[in-house]
Enquirer: 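Sharing a structure here in structure tokens format.
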There are 2 protein chains.
Amino acid sequence: MNTETAKKFLPEETSLYDLAELYKIFGDSTRIKILYALFEFDLSVGELCEILNMTQSAVSHQLRVLKNAKLVKYRKLGKSVIYSLADSHVKTILDQGMEHINE
Amino acid sequence: MNTETAKKFLPEETSLYDLAELYKIFGDSTRIKILYALFEFDLSVGELCEILNMTQSAVSHQLRVLKNAKLVKYRKLGKSVIYSLADSHVKTILDQGMEHINE
DNA sequence: TAAACATATGAATATTTGTTCATATGTGGA
DNA sequence: TCCACATATGAACAAATATTCATATGTTTA
């Protein structure tokens, strides 16, 4: 095999890097739980804490990661902040992964 | 929102954990490069080193991760070990992710 | 306006993880 | 059989990351 030829088939370095970054975000069960919860309902930070049974700080930190990745968005409602999915594409991706592990 | 109701919509704890583990594997650009290279050709460890421009040890360690996750398989050929994709599903998953980042 | 509440943030810590270095293992050719 | 080659592996190290703790920020309501 001519390895120079094989190199030409690889995507751009930046694409590969970005793709890894995207999957890194899904690579944590806390964040996956948050996303699954948001598939069904828009939820406040406090509600997410109850659902995940985790501290407010831990949840907030992870929400920031998801927010930076533009996977979730938020709106303010009274004293609360309501989070929701930013992108329906995310569900497709996670469903695909779920399908894989259930083979 | 009744958070007890929301909890019922979450997948099993073990599923969520396994899903995170799967994405963790994709969350590294070295492993993604290996997978993309194997989409096109079956390759020996040495060839992968050339293509990725990485040391034999680093590549071998990552191949083990991919092997443990059953994403790649291997066969022996003379002194070499030839790696190939274990599962065509993997390409679908990465393509989906690639589609997302190119939005 | 003061107090109570909801959320965000920064520092510290512990754990995980990717690469390197050194070396072990195993196979084919001379 | 002995050597050269290809790959695997273990320990060490550095970097990244998730959670906790303490506290800051900002908003509502009494």
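Note: hydrogens, waters and symmetry copies are ignored here, and every other heavy atom, side chains too, is used. Predicted model only: the values in this text are computed from it and were never measured. In the text below, chain A, chain B and the rest are named by the order of the sequence lines, each starting its count at 1.
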Enquirer: When the aromatic ring centroids of F41(A) and F9(B) are compared, is their separation below 6.0 Å?
Expert: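 For F41(A) and F9(B), the ring centres are under 6.0 Å apart.
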Enquirer: How many Å lie between NZ on K33(A) and C1' on dA18(D), as a whole number?
Expert: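 Nearest whole value for this atom pair: 13 Å.
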Enquirer: By nearest heavy atom, map V65(B) and S44(A) onto DNA chain C; which one lands nearer the 5' end?
Expert: S44(A)
Enquirer: So, is S57(A) close to the dC21(D) phosphate, meaning a side-chain N or O under 4.0 Å from OP1 or OP2?
Expert: no
Enquirer: Here's a test of your reading of the structure: between R64(A) and K79(A), which maps to the more 5' nucleotide of DNA chain C?
Expert: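 The residue whose closest nucleotide sits nearer the 5' end is K79(A).
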Enquirer: In Å and rounded to the nearest 0.5 Å, what is the CG to CZ distance from L35(A) to R31(A)?
Expert: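 L35(A) atom CG to R31(A) atom CZ measures 9.0 Å (nearest 0.5 Å).
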Enquirer: Could you state whether M54(B) and L19(A) fall into the same hydrophobic cluster, counting links through intermediate Ile, Leu, Val, Met, Phe, Trp or Tyr residues with side-chain heavy atoms under 4.5 angstrom apart?
Expert: yes
Enquirer: Roughly, in whole Å, what's the span from CG in N68(A) to P in dA18(D)?
Expert: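 These atoms are roughly 13 Å apart.
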Enquirer: Between dT17(D) atom C1' and D28(A) atom CG, what is the distance in whole Å?
Expert: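 D28(A) atom CG is separated from dT17(D) atom C1' by 9 Å.
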Enquirer: Between Q56(A) (CD) and dT19(D) (C1'), how many Å, whole number?
Expert: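 Between C1' of dT19(D) and CD of Q56(A): 13 Å.
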Enquirer: CD/E21(A) to OG1/T14(A) distance, rounded to the nearest 0.5 angstrom?
Expert: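 Atom-to-atom, E21(A):CD and T14(A):OG1 are 12.0 Å apart.
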Enquirer: So does D87(A) pair up with K73(A), basic N to acidic O under 4.0 Å?
Expert: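 No salt bridge links D87(A) with K73(A).
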Enquirer: Rounded off to whole Å, could you give me the CD-to-P distance for the E47(B) and dA6(D) pair?
Expert: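 Interatomic distance, CD of E47(B) to P of dA6(D): 11 Å.
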Enquirer: Heavy atoms of chain B, cut-off under 4.0 Å: which first and last nucleotide of DNA chain C, 5' to 3', fall inside that, if you could look?
Expert: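 So the contact region on DNA chain C extends dT17(C) to dG28(C).
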Enquirer: Nearest heavy atom decides the nucleotide; on that basis, is G27(A) or A58(B) closer to the 5' end of DNA chain D?
Expert: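 This one resolves to A58(B).
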Enquirer: Please report, rounded to the nearest Å, how far the C1' atom of dA16(D) is from the NE2 atom of H61(A).
Expert: 15 Å
Enquirer: Enter the distance from S60(A):OG to K67(A):NZ here, rounded to the nearest 0.5 Å.
Expert: 7.0 Å
Enquirer: Would you kindly compare G78(A) and S60(B) by the position of their nearest DNA chain D nucleotide and give the one closer to the 5′ end?
Expert: S60(B)
